[in-house]
Structures are given as C-alpha cells and as structure tokens.
Amino acid sequence: MRYFAQRFLQLVVVFLIVTFVTMVAIQAASKDPARDLAGPLNSTEARVEEIRKHYHLDRAYPIRYAYWLKNLVTVDLGNSPTLGASVRTLVGQRAPITLLLGLYSIVLALAISLPVAVYAAYRRDGPFDRFISGATFAAVSLPNIILAVLLGYFFATRWRIFPYAASKIWPWDNPGEHFKNVALPTVTLAVGLVAIFVRLLRSDLVNTLQSDFIVMARAKGLSPARILWRHALRSSLFSLMTSVALQFGGILGGAVVAEQIFALPGMGLLLFQAVQQKDLLVVQACAALFALAVVIINFAVDMLYAVVDPRIRHARALG
Amino acid sequence: MTAPINRPQEGTLLELRNLRTHFSTARGVVRAVDGVSFTLDRGKSLGIVGESGSGKTILARSIMGLLPKRGTIRHGEVLYAGQDLASLGLKGMRKFWGQEMSMIFQDPMTSLNPLMRIGHQISEPLRVHLDMDKVNARATALKLLQDVGIPEPEKRLDQYPHELSGGMRQRAMIAIALACGPTLLFADEPTTALDVTVQAQILDLIQDQRRDRNMSVILVTHDLGVVAGHTDEIAVMYAGTLAEKASTTELFANRKHPYTEALLRSIPRLDQPSHTRLLAIGGRPPDLITPPTGCRFAPRCPYAEDKCRAEIPELEAASADHSFACWHPVGSPRWQSKQDELVSTGVLSASGGIA
Ligand SMILES: Nc1ncnc2c1ncn2[C@@H]1O[C@H](COP(=O)(O)OP(=O)(O)OP(=O)(O)O)[C@@H](O)[C@H]1O
Ligand code: SF4
Ligand SMILES: [Mg+2]
C-alpha cells in the first residue's frame, strides 16, 4: 500500500511538471497570449486587457499555472474564442475518440502479437519465425501515413468496406457503426505496434524458453501449449508491458495523425485547429489530457507488474 | 492411484547401449557423452560421479530425452523396460515424462516456476496425466508435501517458490517429481544448492521414497562422498565415457581405475570442509571437441604409457558387478611399480594418501 501511494504521488508530480512545462512552452511561443486568446477578429484593446486580467496573464508563470490548475480541478477551462464553445465541451466531445483509438490499437496489437510471438518463439528459426522477422521489420519501417493512405485506398475507396471520411459515433449508441468508423485508423496504428510487440515478446520468450523451469515443465510431461501459455508467456511479459507504457504517448501522437487522414473528429483534429488558430487554452487542455492519460497508463502498468509477479508484490508489501 | 498396478518388481529397467550425445557448435562437435553403456535394475539406485563437465547432466537428460533437438546428435539405444525410447517420439515421451520417469533438478530456485504457486506446480502433472479434478489434485498435492516433510504443508500450497527456504524448495521439487509415481527418478546434483545440514536430509528423503515406492534412482553428483551412503551402484564418468562401474561396496573396497583412485583420494575427511571440486587431481579434463585418441585420462594419469595414448581401453567386466576401462588398473604390475616410485619420491605417503 505504501508503494502504491508513493508511486501515485510520483505520477502526480510528473503530471504537474509536464503540464507546467507545456503551459510555459505554449504561452512563451506566443507574442501576446492575451491577444491570441481574445481571438483574431473583433478584439478591442479593452477586450484584450480584460482577458489578460481574467487569465492572470500579466502575472508570473507559476501564478498563472496555479490559476490554471484551479480551473482544471473545477473543470472550468474557459472558452475558445475561435471555435465558439467552452474548452470543456470541445475536449469532452473529442477526447474520448482519441483515447478509444489508442486503447483499441493496443488491444488489437496485443491480440495479434501474443499468438504470433508465442508461435514464432516456439518454432524459433523456422519458416514462420523467419517470415515474421521479415514482416515485422518491414512494418516498423513503413511510415504510418503511407499505411493509412494504402488502407484508405483499398478498404474505403476501392472496396468500400469501411467509410473513408469517418464520423464520430459513440460505441454505446451504435457499436457496429462505431467500430466500422474507427477500424481503419485503429489498424493504421496497430500495425506498427504489432511489429514492436512481436519482436519484444518473441525475443523474451526465446530467452524464457531456455530457462531451467521450462526444462522442468517439459520433464513433468506438460504439452507444448501449456508450457508456452501457462509457464513461458507470463515470465516474458515484462518488456512488453513496459513498452506499452512507454509507447502510449507516441500512440496518442499517432492517433492524432490517423484521425487527420481519416477525418475522424477526435482530439487530433481539435488540436490541429487550435494550434492553427493559436487557441492556447484548447492546446493546453489537450496537452494536459494527453499527459494525464500517459500517466494513468504508466500507473496501471506498474500495478500490473505486481499482479504478474508475486515477487514484486511481496517486495512492495515489505518496502 | 499413484502406481500402475501391474508394475513388475524386479528385472532390468533401463539399458543403455553405446549412447552418444554430441553437440554441433561453431567450434566443432562437442562429444559430451561418447559411448556409454550400462544397465539398471528395478528398485535399484545408481550414482553417476564425475568432475564438472564430464557429461553427467547431458547423460541424464539424454536418457530422458529432454535435450533440445537443435544441434544435438544422438546415437545408440536407450531401452526402458525393453522398449527403445527413440521409437516413442515426442508425443510418446510426454506420457513417459512425469509418469514413468521424472527428474529433480540441481537448483530449485531456477527450476521451479517463480510465478506459480507451489500447490499448482505439484497438481499440474496430476491433472494432466492422471486426470484428477482440482479438489482431488490439491488434496494429493498436500499429501505429497507431507510425504516430503515440508513443515506447514497446507500453507505452502498457496505460496510461491521465493517464499520458501532452499531446503523446502528442493522438497517441493521432489514432491513434483514424485507426484505421478514414477518408476525411474533422476536426481541431478539435488543438493549442491543447499546447506550442508540440509543436504543429508534431502538425500535420505530420496532414499526413503525410493524404498517406499520401489523406484529406481539415478543420482548424479560430482561428490563421491554423497553417493557412498545413498546408492547401490556407482558409475564413474570421465570426459563423456564411463571409467568404472561397480556396486558401491565393491568400488570402495576394490577400485580399479586410476581416476576412481584419485577421486577416492580426494574425498574430504569428516574433519575437513567439503570440497566441491576434485582438488587432488592435477590437470584438467580434456577438451571434448578433440579428446585424446587413446585413454581419455592419459594426460593426467600417473601410470600412462604409449599404449594408453594410442588405444582406447573398453569398459570390460572384471566380475559380475564390476567393470572398468583401463590398461593398467590398480593392482597391475605397472601400477605397482609406479606406485612404489611415487612413494619413494615422496609424492604419496606409504598409506596411499597425498604426502
Ligand atoms: N548445448 C550444448 N552445446 C555444446 N556443448 C554443450 C552443450 N551442453 C553441454 N555441453 C558441454 O558438454 C559437456 C558436459 O556437460 P554437462 O553439463 O553434462 O556436465 P556435468 O558433468 O553435468 O557438469 P556439472 O558438474 O558442472 O554439472 C560440458 O563440457 C559442456 O560444456
Ligand atoms: S588406460 Fe592408461 S592412461 Fe588410462 S587410466 Fe588406465 S593406466 Fe591411466
Ligand atoms: Mg551437471
């Protein structure tokens, strides 16, 4: 429990640092944040000054940050002058799609990588393993954009299996349509992940399969399937879990790109518009949300280590 | 439930005929086991003794068929109850493993699955081989833990290997190996990872279980002192071959091979700390890629002469329970004259120990 609290605190600190740094970076990049926030048009001097006061933009960064945090906690992040809605509404409408996209791609990638890596490691250096080694190498070198364009061309334009210009449909409204709409961006993201996951897991599995306890499991007369899935896999999950946590920020970044290509109205699209229009509040809120998601995933993976490995669990219980 | 009902109680259980296990490596072919033949009767125990690297582990794993196929070249026959194991294939072997033959490994820390509860690890073969349901398997696992003398067995079922002491871990491993009532039990240096005080307990436990269950046991060790009180027969292994094989009493009373002689000389006395390696023999075992052409012990043997270096001495039976592979065994004229020389130059004391 102490470990849990400690780790949680650590992540809160990380979150604070990340959001503070992004705020400074975003606002320092602007000539006059107050003028940007007032909107490009119809901004009288008086209006600009009013905004400066309202968001405390005349104060030092730490104080501005403190006010921003207070707003964050009360989920009142102000209004977007250009998009004509509150930041809360904008982010609330768009963020779930991106987060779902990120999660879907991870789940899909894991569902594919696990059996592929297990079989490749089991038949190490066999034809399947060699094919997978080549295929994953190709997949890692393939840029997301090209993959997205190819997928779009074949599956949307030519065969019309999936919509090209996707629209936002919530899974609880119409699951079938929802998944149809997110299918192509999800696959776009998952391909690269599968390649990374398979390579990591396969090499860890190959190592695990040489350990003494695997020889012991064979000597017990267990079937290869049981040895692989019950004994070897669990010991080989650590790099994979770490990688999921480390990649998550990048995955969200990839989701932004994928949304652009498939015109899926998620955070990516919002972020793009906001950056173009110098909508600082929206950019800051998006960055904060991404940071929060990454921090939460890292925390979850960290807890998962302990679920998988009783030694970690016990060491933490003591520490 | 644990033992097949019609299991014969006597007769030959295991016969090796010229077993060879070589590994092809980048440096060349490693002749880890190079022509080993012996027989083992039901209910008997055999100690395989030799220095580190002499091929004991590879021999045991070859018999069981546990070596990975990749890079392994295997010749010769392993007859188990008259059946050639090579004809069984991997699927057939899987039925044998755990049920007919099982193995206790050297290091219980690395050989038990660190992420699986002890109870689960014991009940796994019970469920796979004997089709037990969960409740039954757990009850049997508990009974096994009691049999191997683990304190608070109930609690251990739900613990993980790292929560047990070294001795308890090895007992748990023995419980796993015994679970399905094997006919032949291998123990590959089962005590090297343990405290001296625990070592004897574990060896006694294996002996007790052998008697109770009428198993045959092959006990692999580098320490002649370990097998002395715990096996019926001893096979001395040197560089992938058998140097000498005899009943334990015969071997200690009437050793024939100069290597055995050296081994016996290096057994630590009770009043001295135990050696883990054979310090008393000078030199090192030969390279297994290009072993000596004649007798493999020749480079280190005080009695070696030209014939030893040119011709391989075969393992031959001197009596019903004693065979050895040497041109000039202990007691032969050459041995005698060399022995006198060594004593006169002060290398050996007259009583046979190292001066
Ligand atoms: N997979 C392999 N490839 C090549 N050589 C190997 C392989 N496995 C074992 N050997 C070699 O075979 C020889 C015999 O090894 P083995 O493990 O049987 O020795 P051992 O008698 O059990 O020694 P120890 O007392 O150290 O356990 C060693 O020289 C080892 O280097
Ligand atoms: S054959 Fe010769 S070299 Fe080999 S052990 Fe006997 S005496 Fe020594
Ligand atoms: Mg060994």
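The sequence lines fix the lettering, A, B, ..., with proteins before strands; numbering per chain opens at 1.
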Worksheet item: Does a salt bridge link A:Arg230 with B:Glu124, judged by any charged N lying under 4.0 Å from a carboxylate O?
Response: no

Worksheet entry | Per-residue contact mode, B:Met101 against chain A (heavy atom under 4.5 angstrom) | backbone

Worksheet item: What residues of residues 294-308 of chain A sit under 4.5 Å from chain B when you count only heavy atoms?
Response: A:Val308

Item to complete: Could you tell me whether a side-chain N or O of B:Gln159 sits under 3.5 Å from a main-chain N or O of B:Leu164, the two making a donor and an acceptor?
Response: no

Discussion item. Below 30° counts as parallel, above 60° as perpendicular, anything between as tilted: where do the rings of A:Phe4 and A:Phe8 land?
Written reply: parallel

Fill in: Pick from B:Leu90, B:Val128, B:Leu115 with the largest number of heavy-atom pairs that fall under 4.5 Å of chain A
B:Leu115

Practice prompt. Measure B:Gln106 against the heavy atoms of chain A and call it side chain, backbone, both or neither at under 4.5 Å.
Written response: neither

Item to complete: Report yes or no: does B:Arg117 contribute a side-chain atom to a donor-acceptor pair with the main-chain N or O of B:Leu157 at less than 3.5 Å?
Response: no

Item to complete: Go through B:Asp158 and B:Arg138 one step at a time and tell me if the salt bridge (Lys or Arg N to Asp or Glu O under 4.0 Å) criterion holds.
Response: CA-CA 10 Å; B:Asp158 292 317; B:Arg138 192 179 162 90; 3.1 Å; yes

Worksheet item: Is the B:Tyr80 ring parallel, tilted or perpendicular to the B:Phe96 ring (thresholds 30°, 60°)?
Response: perpendicular

Worksheet item: Relative to each other, are the rings of A:Tyr104 and A:His178 parallel, tilted or perpendicular (30° and 60° limits)?
Response: perpendicular

Worksheet item: Checking heavy atoms, do the side chain of B:Ile176, its backbone, both or neither come under 4.5 Å from chain A?
Response: side chain

Worksheet entry | Verdict with supporting geometry, A:Ser235 and A:Thr208, side-chain hydrogen bond (donor to acceptor under 3.5 Å, both in side chains) | CA-CA 7 Å; A:Ser235 296; A:Thr208 305; 5.5 Å; no

